[in-house]
Amino acid sequence: MLKKLTQFYHPTTIEEACKLLAKPKTAVIAGGTAEALRKDDSIEALVDITHIKELSHLDQDASTIKIGATTTVQEIYKSQKLKGMSGNFLKQVAGTVAATALRNTITAGGNLAAQLWWSDLPVAYLILDAEVVCRLGKPKRTVSVVQIINDTPAKFLKKGEIISEIHVPCFGNNTGCDFRKQIKTHHDYPTITAATRITLKNGMISEARIACNAVTPFPFRCQEAEKFLVGKKPTAENIEKAAEKAANSIKYREDYRASKEYRQEVFQVMVRRSLEASVEAAKK
Amino acid sequence: MQLNCKVNGKACCFEIEPNEMLADVLRREGYRGVKVGCREGSCGACSVMFNGKPRNSCITLAAMAEGADIMTVEGLGTPDKPHLLQSCYVKHGAAQCGFCNPGSLISAKYLLDNNPNPTEDDVKEALDGNLCRCTGYIKRIEAILDAAQQMKKSAKSTRGKK
Ligand SMILES: Cc1cc2nc3c(=O)[nH]c(=O)nc-3n(C[C@H](O)[C@H](O)[C@H](O)COP(=O)(O)OP(=O)(O)OC[C@H]3O[C@@H](n4cnc5c(N)ncnc54)[C@H](O)[C@@H]3O)c2cc1C
Ligand code: FES
Ligand code: FES
């Protein structure tokens, strides 16, 4: 693993880090929980971004939650600053990630960039319409999380570019979110991860989000099913139809934990229950 | 390359390979309390305190520990002068083969340092990454809750004496 590694840098500014990352055969490391185990023997240098103070922060104002890329999952889970629908939802999801020592290590940026089928926070970012700030030295661009995930972070980010911040909008009244994971034991990787958001306006669904992971190779938004719900009443029938559409829109991955057929059947039930829970929360 | 860090309060300079894991470096340097079970971050046997927080040293590149403050179980107590948590583990039979203990003691220390009044659920969560294949999970919970009680009592009596 990382057999050709000869250099390890600890920059203290984003500009310095991006400059180092522009060099060939150089990669970024944050928590290192995926990078340290990477079976990539082409890498000769690693740039540790955890000494960059600017990247470690967690703030919430009236409209947005800003998560620095090296903020750990445990810091999100235990945050006193995060409040309201979006804040509490992020805390809940962060609390389901791995175990304490790992949560102390896994970073928000690494969790998004690693794009694994068991990653949890990216599923939450998807239903919360998060935006991702990317830095290439001083220049920065802000993109929707769905774009970076669909393009895959590895392809989307330019050489030398890093994720510096994740912005999550604060949803208020009339919005409900729900996250659920089917997992055999707390320590295993999930078989199904599903999350939904519903925003109601005058009793009708004005926005719907349905996202998943583990049934797919990386986090995915079921946009066809979302579109079906918009402008409709949150009736049991509409919810069931949306869940069916979501379940039919996926190319299922499988492993020894569960077959494709099993995942499809259970995923549909989980989406239905998740949508019901989001509707109930939106009514409160 | 060289790694400069602190281990159990002592400034250290270790010669390391850039792709070596912290667990392997610590063991080579004599900190054999650091156990390696799964090597993939799942069992918690290799947990060390890393800048005040438990971390799996088997998936931490040693080079990431540059400037870090590390505590292994050797820094917690000695056979002659065990830490209260270690005594409580013995009292409650929370140690059998002992392989998981160095890691779970580090997690327990972190819990009590930050929460002197833990509930049973707090203990379960703090040790959620430390597998034990021998004792089951009840005894170590009892041991940690007992240690918390004793710490509180001794804190009260010291306050009373002042
Ligand atoms: C045993 C175990 C169980 C786990 N369980 C879960 C779980 O239940 N849920 C979950 O969500 N995760 C889980 N994880 C974590 C997940 O598998 C990844 O390891 C983790 O998300 C990576 O984050 P990191 O900060 O450690 O990133 P690193 O390992 O440092 O990096 C991961 C990748 O992202 C890149 N990268 C890192 N930061 C940035 C950045 N700021 N900008 C651009 N690229 C970047 C790196 O170059 C690398 O390619 C688990 C990990 C382990 C070891
Ligand atoms: S050896 Fe590190 S977690 Fe198992
Ligand atoms: S005492 Fe043997 S694994 Fe815990």
Side-chain angles (χ1 to χ4, degrees), chain A residues 1-12 25-51 56 70 72-75 77-78 94-107 110 114 116 118 185-189, chain B residues 1-5 16-24 37-68 103-104 106-111 114-115 121-133 137:
Chain A
M1 263 169 273
L2 296 167
K3 280 189 190 135
K4 297 232 176 83
L5 190 68
T6 53
Q7 291 288 331
F8 215 98
Y9 301 106
H10 305 276
T12 53
K25 298 176 184 169
T26 304
V28 58
I29 186 163
T33 60
E35 191 60 26
L37 299 175
R38 187 135 77 123
K39 290 186 179 69
D40 181 344
D41 288 331
S42 68
I43 291 174
E44 292 177 6
L46 281 174
V47 179
D48 173 4
I49 55 170
T50 58
H51 296 261
S56 172
T70 61
T72 65
V73 174
Q74 185 76 349
E75 283 164 348
Y77 174 39
K78 295 290 177 189
T96 73
V97 172
T100 307
L102 281 163
R103 287 193 298 272
N104 279 334
T105 314
I106 300 167
T107 64
L116 298 157
W118 57 84
T185 70
H186 179 74
H187 265 275
D188 197 14
Y189 292 110
Chain B
M1 71 195 284
Q2 282 190 339
L3 165 66
N4 294 288
C5 60
I16 61 161
E17 294 297 329
N19 68 344
E20 259 187 305
M21 296 300 167
L22 182 59
D24 297 322
C38 65
R39 254 187 209 287
E40 57 173 51
S42 293
C43 75
C46 65
S47 306
V48 296
M49 205 80 90
F50 189 96
N51 292 331
K53 291 175 183 168
R55 183 170 176 142
N56 305 93
S57 60
C58 71
I59 54 167
T60 299
L61 283 164
M64 289 198 81
E66 182 62 29
S104 81
I106 292 291
S107 297
K109 165 122 179 46
Y110 176 69
L111 171 72
N114 292 284
N115 178 0
D121 281 347
D122 293 335
V123 177
K124 284 182 186 166
E125 184 175 292
L127 271 69
D128 58 358
N130 298 98
L131 302 188
C132 175
R133 283 295 173 257
Y137 294 95

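All chains are named by letter (A, B, ...) in the order of the sequence lines, taking the proteins before the strands, and each is independently numbered beginning at 1.
- At distances below 3.5 Å, at least one donor-acceptor pair connects side-chain atoms of A/Thr105 with backbone N or O atoms of A/Ala101.
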If you look only at distance, which donor and acceptor atoms sit under 3.5 Å apart when one is on a side chain in residues 5-12 of chain A and the other is two or more places apart or in another chain?
unit_1: A/Thr6; atom_1: OG1; unit_2: A/Glu44; atom_2: O; d: 3.3
unit_1: A/His10; atom_1: ND1; unit_2: A/Asp48; atom_2: OD2; d: 3.3
unit_1: A/His10; atom_1: NE2; unit_2: B/Ala63; atom_2: O; d: 3.3

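- Contacts with chain A were tallied for B/Leu61, B/Asn130, B/Thr60, B/Leu127; B/Leu61 has the most, counting heavy-atom pairs under 4.5 Å.
- Residues of residues 50-57 of chain B that come closer than 4.5 Å to chain A, counting heavy atoms only, are B/Lys53, B/Pro54, B/Arg55, B/Asn56, ordered by residue number.
- A side-chain donor-acceptor contact under 3.5 Å links B/Glu66 to the backbone of B/Asn4.
- Residues A/Val97 and A/Ile106 are in side-chain contact: their nearest non-hydrogen atoms beyond the backbone lie under 4.5 Å apart.
- Using a 4.5 Å cut-off between heavy atoms, B/Glu17 does not touch chain A at all.
- Residues B/Gly41 and B/Cys58 approach most closely at N-SG, 3.5 Å, considering heavy atoms.
- In this structure, chain A has a heavy atom under 4.5 Å from the side chain of B/Leu131, while its backbone stays farther away.
- A 4.5 Å side-chain heavy-atom check between A/Leu2 and A/Leu46 finds at least one atom pair inside the cut-off.
- For the pair A/Asp41 and A/Lys25, the salt-bridge criterion is not met [side-chain N within less than 4.0 Å of a carboxylate O].
- In this model, no donor atom of one side chain and acceptor atom of the other lie less than 3.5 Å apart for A/Thr72 and A/Asn104.
- Counting heavy-atom pairs closer than 4.5 Å to chain A, the top residue among B/Gly67, B/Gly129, B/Pro18 is B/Pro18.
- Interface residue A/Ala30: only backbone heavy atoms are found under 4.5 Å from chain B.
- In this structure, the portion of B/Met1 lying under 4.5 Å from any heavy atom of chain A is its side chain and not its backbone.
- A salt bridge links B/Asp24 with B/Arg39: at least one charged nitrogen is closer than 4.0 Å to a carboxylate oxygen.
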